[in-house]
Student: 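This structure is in structure tokens; I'll ask about it shortly.
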Amino acid sequence: MCITLSLSSKPCIGVCNGSLQSPKSMVTTARTEVITAPKRPNTFPGSTKQGISDIDLRVQEVVRRQSWTNNLVGEVNCRKPRFEPMFIDDAYDKCRNICAEYAKTFYLGTLLMTKERQKAIWAIYVWCRRTDELVDGPNAEYMSPAVLERWEERLQDIFEGRPYDMLDAALSDTVCNFPLDTKPFRDMIEGMRMDTRKSRYESFQELYLYCYYVAGTVGLMSVPVMGIAPESSVSAYTIYNAALYLGIGNQLTNILRDVGEDALRGRVYLPQDELAQFGLTDKDVFSRKVTDAWRDFMKEQIIRARSFFNLAEEGASQLDKDSRWPVWSSLMLYRKILDAIEDNDYDNLTKRAYVGRTKKLLTLPLAYTRALSKPSLYLG
């Protein structure tokens with residue numbers, strides 16, 4: 001599993017103007033686009049409209065709570081700790097250094113953001129990375145339910161102004177500067193719990209929920225920091241959904257890139273029912289042989305991942321202009337990972353698809369150009 005900071009992939013500071021679509025109708029419309037994207041709807045029985053709607057209930061709760069908080073800027077209850085200016089500056093510097101080391105491309109994208117937003121995004125990134133490492137890091141062998149329970153208690157302390165260390169202090173300061181809600185952070189911890197309990201997903205609806213917990217939540221955390229463009233006329237809810245889609249698209253791409261590596265750990269993050277439709281089983285994954293059936297299966301999985309990126313793209317230009325570059329960079333580079341899987345003839349069993357440094361550097365100015373695009377009047 002790999003945590004990526006996605007479209008925050010996302011945010012509204014103050015009351016947002018825009019079209020007043022009902023949350024239910026917007027979610028139904030957007031989900032239907034994702035579900036039908038493969039053009040062969042019968043290929044993915046786990047992606048039925050009814051199946052995804054069950055997950056929507058969980059997603060909507062987070063979106064409502066975060067949007068509700070955004071509309072109460074200045075009224076958010078926050079016990080801001082009294083840090084010495086030099087101490088909190090050092091705390092943010094530590095977060096910056098970690099982000100620069102482990103998320104180089106994204107870090108470069110954040111440099112165009114305002115100082116306050118930069119620091120907040122670095123603090124969020126570091127917390128997400130530390131959370132992920134509880135399960136996938138060097139000390140993962142010591143993981144237990146008690147560890148995650150303590151981590152969740154520590155999260156509550158952060159939000160109540162009682163940080164444990166310098167990195168916690170940076171996030172504690174951030175949650176008092178931006179209207180962040182604890183729900184997405186808690187949901188990410190729940191995603192870590194899922195990773196300790198499950199190594200198989202029977203359907204896409206199960207996998208979608210997992211992707212929401214471990215990656216879609218990052219978008220929800222980031223929205224209040226990124227900010228929505230003042231000239232945007234679409235609803236904040238629509239932009240939050242775009243943030244979710246980018247997080248889910250990124251996680252699906254991580255899964256497709258890492259199939260071979262995950263298999264070595266006995267994990268298969270692929271819908272079991274969809275494997276079966278192509279005459280495949282876990283045995284085929286563990287055999288590490290690329291067959292025509294595997295290629296056909298992967299083609300459909302890639303189509304699905306791209307459909308999420310297409311939906312995310314619709315919201316990327318609705319963000320505050322200073323926040324768009326890292327989002328567009330993430331979106332475009334993750335698409336290139338999917339291209340690399342295709343270039344490897346769909347061999348993600350013995351090869352790891354990657355985007356070389358040169359391609360990354362060439363993508364950054366293209367992403368910057370897209371970031372200059374003005375928000376459209378309507379997202380349909």
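Predicted model, so just to flag it, every value in this text is computed and none were measured. Values reported hereafter were calculated over all heavy atoms of this structure, with side chains retained and with hydrogens, waters and symmetry mates removed.
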Student: In the structure I gave you, are the side-chain heavy atoms of Arg96 and Thr110 within less than 4.5 Å of one another anywhere?
Tutor: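 Of all side-chain heavy-atom pairs linking Thr110 with Arg96, none is under 4.5 Å.
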Student: Verify the distance criterion only: is there a donor paired with an acceptor across the side chains of Asn310 and Tyr245 at less than 3.5 Å?
Tutor: no
Student: Identify whether the distance between the nearest side-chain nitrogen and carboxylate oxygen of Lys119 and Glu116 falls below 4.0 Å.
Tutor: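 Yes, this pair counts.
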Student: Asp168 versus Leu171: any side-chain heavy-atom pair under 4.5 Å?
Tutor: no
Student: Hydrogens and angles aside, do Tyr346 and Asp296 bring a side-chain donor and acceptor to less than 3.5 Å of each other?
Tutor: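 Note: Tyr346 and Asp296 side chains miss the donor-acceptor criterion.
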Student: List in chain and number order the residues that pass side chain to side chain contact (heavy atoms under 4.5 Å, CB included) with Asp345, two or more places apart in sequence or in another chain; answer none if no residue qualifies.
Tutor: Arg295
Student: Would you check if there is a donor-acceptor pair between the side chains of Ser329 and Thr105 at a distance under 3.5 Å?
Tutor: no
Student: May I ask you to test the Glu313-Arg335 pair for a side-chain heavy-atom distance under 4.5 Å?
Tutor: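 Contact flag for Glu313/Arg335 side chains = yes.
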Student: Kindly write out the residues that satisfy ring pair (Phe, Tyr, Trp, His ring centres under 6.0 Å) with Trp328, not counting sequence neighbours, or none if the list is empty.
Tutor: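 Listed in chain order: nothing, the list is empty.
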Student: For Lys198, what residues pass the side chain to side chain donor-acceptor pair (under 3.5 Å) criterion, not counting sequence neighbours?
Tutor: Glu206
Student: Applying the 4.5 Å side-chain criterion to the ILVMFWY set and letting contacts propagate, would Leu372 and Leu111 be lumped into a single cluster?
Tutor: yes
Student: Among all residues two or more places apart in sequence or in another chain, which pass the ring pair (Phe, Tyr, Trp, His ring centres under 6.0 Å) test with Tyr164?
Tutor: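 Residues passing ring pair (Phe, Tyr, Trp, His ring centres under 6.0 Å) with Tyr164: none at all.
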Student: Check whether any side-chain heavy atom of Ser235 sits under 4.5 Å from a side-chain heavy atom of Thr238, and report yes or no.
Tutor: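 Yes; the side chains approach each other to less than 4.5 Å.
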Student: Going by side chain to side chain contact (heavy atoms under 4.5 Å, CB included), Met188 matches just one of Leu220, Thr131, Leu155. Which one?
Tutor: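 In the set Leu220, Thr131, Leu155, the residue that makes a side chain to side chain contact (heavy atoms under 4.5 Å, CB included) with Met188 is Thr131.
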Student: In the single-linkage hydrophobic clustering (I, L, V, M, F, W, Y; side-chain heavy atoms under 4.5 Å), do Tyr354 and Ile337 co-cluster?
Tutor: no
Student: Keeping to residues at least two apart or across chains, list the salt bridge (charged side-chain N to carboxylate O under 4.0 Å, His left out) pairs with something in residues 212-226.
Tutor: none
Student: With sequence neighbours excluded, what pairs up with Asp339 under the side chain to side chain donor-acceptor pair (under 3.5 Å) test?
Tutor: Arg306
Student: Going by atom types only, do Arg370 and Tyr368 share a side-chain donor-acceptor pair under 3.5 Å?
Tutor: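 The criterion, which ignores hydrogens and geometry beyond distance, is not satisfied for Tyr368 and Arg370.
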Student: Locate the shortest heavy-atom distance separating Pro179 from Pro224; write the atom from each residue and the value.
Tutor: O-CG, 3.6 Å
Student: List the residues meeting ring pair (Phe, Tyr, Trp, His ring centres under 6.0 Å) with Tyr107, not counting sequence neighbours, and say none if there are none.
Tutor: Trp122
Student: Once rounded to the nearest 0.5 Å, what's the spacing between atom CG of Leu246 and atom CG of Leu311?
Tutor: 11.0 Å
Student: Start with the C-alpha distance between Arg154 and Asp165, add both sets of side-chain angles, then the distance that settles side chain to side chain contact (heavy atoms under 4.5 Å, CB included), and finish with yes or no.
Tutor: CA-CA 10 Å; Arg154 183 163 161 175; Asp165 61 18; 2.9 Å; yes
Student: Without hydrogens or angle criteria, can the side chains of Asn250 and Ser330 be said to hold a donor-acceptor pair below 3.5 Å?
Tutor: yes
Student: Between Asp132 and Trp127, do the side chains contain a donor N or O and an acceptor N or O under 3.5 Å apart?
Tutor: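 No, no side-chain donor-acceptor contact under 3.5 Å.
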Student: Is a side-chain N or O of Gln118 found less than 3.5 angstrom from the main chain of Met113, in a donor-acceptor match?
Tutor: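 Yes, Gln118 side chain to Met113 backbone: donor-acceptor pair under 3.5 Å.
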Student: Strictly below 4.0 Å, N to O, side chains only: are Arg117 and Asp322 in salt-bridge contact?
Tutor: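 No, no charged N to carboxylate O under 4.0 Å.
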Student: Does a salt bridge link Arg265 with Glu261, judged by any charged N lying under 4.0 Å from a carboxylate O?
Tutor: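 Result for this pair is no, no salt bridge flagged.
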Student: Give a yes or no answer on whether the side chain of Gln272 reaches the backbone of Tyr201 with a donor-acceptor pair at less than 3.5 Å.
Tutor: no
Student: Provide the closest heavy-atom pair for Arg304 versus Pro271 in the form atom of the first, atom of the second, distance.
Tutor: NH1-CG, 4.3 Å
Student: Can you sort out the partners of Lys289 under side chain to side chain contact (heavy atoms under 4.5 Å, CB included), two or more places apart, ordered by chain and number?
Tutor: Ser287
Student: Counting distance only, does the side-chain N/O of Arg324 pair as donor-acceptor with the main-chain N or O of Leu319 below 3.5 Å?
Tutor: yes
Student: Just so I know, are the side chains of Leu256 and Leu270 near enough to count as touching, which here means a heavy-atom distance under 4.5 Å?
Tutor: yes
Student: If the test is side chain to side chain contact (heavy atoms under 4.5 Å, CB included), which one of Asp320, Ile121, Asn177 qualifies with Val225?
Tutor: Ile121
Student: Does the Asn97 side chain pair with the main chain of Asp93, one donor and one acceptor, at a distance under 3.5 Å?
Tutor: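 Checked: pair present.
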Student: Backbone N or O of Ala123 within a donor-acceptor pair of the Thr174 side chain at under 3.5 Å?
Tutor: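 Checked: no pair found.
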Student: Have Glu152 and Gln156 got a donor and an acceptor in their side chains that come within less than 3.5 Å?
Tutor: no
Student: Does Arg267 come within less than 4.0 Å of Asp195, counting only side-chain N to carboxylate O?
Tutor: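 Yes, charged N to carboxylate O under 4.0 Å.
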Student: A side-chain contact here means heavy atoms from C-beta on lying under 4.5 Å apart; do Asp157 and Pro163 qualify?
Tutor: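 No, their side chains stay 4.5 Å or more apart.
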Student: When you compare the side chain of Thr291 with that of Asp284, does any pair of heavy atoms fall below 4.5 Å?
Tutor: no
Student: Residues sharing Phe83's hydrophobic cluster, by side-chain heavy-atom contacts under 4.5 Å among ILVMFWY, directly or via others?
Tutor: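 Under the 4.5 Å side-chain rule, Phe83 groups with Phe87, Ile88, Tyr92, Met166.
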Student: Any chance you could measure Cys95, atom SG, to Arg129, atom CZ, to the nearest 0.5 Å?
Tutor: 12.5 Å
Student: I need the Leu209 CG to Ser203 OG distance, nearest 0.5 Å.
Tutor: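 Answer rounded to 0.5 Å: 10.0 Å.
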Student: Out of curiosity, does Leu333 fall in the hydrophobic cluster containing Leu362 (side-chain heavy atoms, cut-off under 4.5 Å, transitive links)?
Tutor: no
Student: Counting distance only, does the side-chain N/O of Thr253 pair as donor-acceptor with the main-chain N or O of Gly249 below 3.5 Å?
Tutor: yes
Student: Would you say the side chain of Val259 lies within less than 4.5 Å of the side chain of Asn348, judging by non-hydrogen atoms?
Tutor: yes
Student: Taking only residues two or more places apart in sequence, or in another chain, which ones meet Asn344 in a side chain to side chain contact (heavy atoms under 4.5 Å, CB included)?
Tutor: Lys351, Ala353
Student: For Thr350, which residues count as a side chain to side chain donor-acceptor pair (under 3.5 Å) partner, sequence neighbours excluded?
Tutor: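 Counting only residues at least two positions away or on another chain, Thr350 forms a side chain to side chain donor-acceptor pair (under 3.5 Å) with Asp347.
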Student: Apply side chain to side chain contact (heavy atoms under 4.5 Å, CB included) to Glu190 and list each qualifying residue two or more places apart in sequence or on a separate chain.
Tutor: Arg193, Arg197, Tyr213
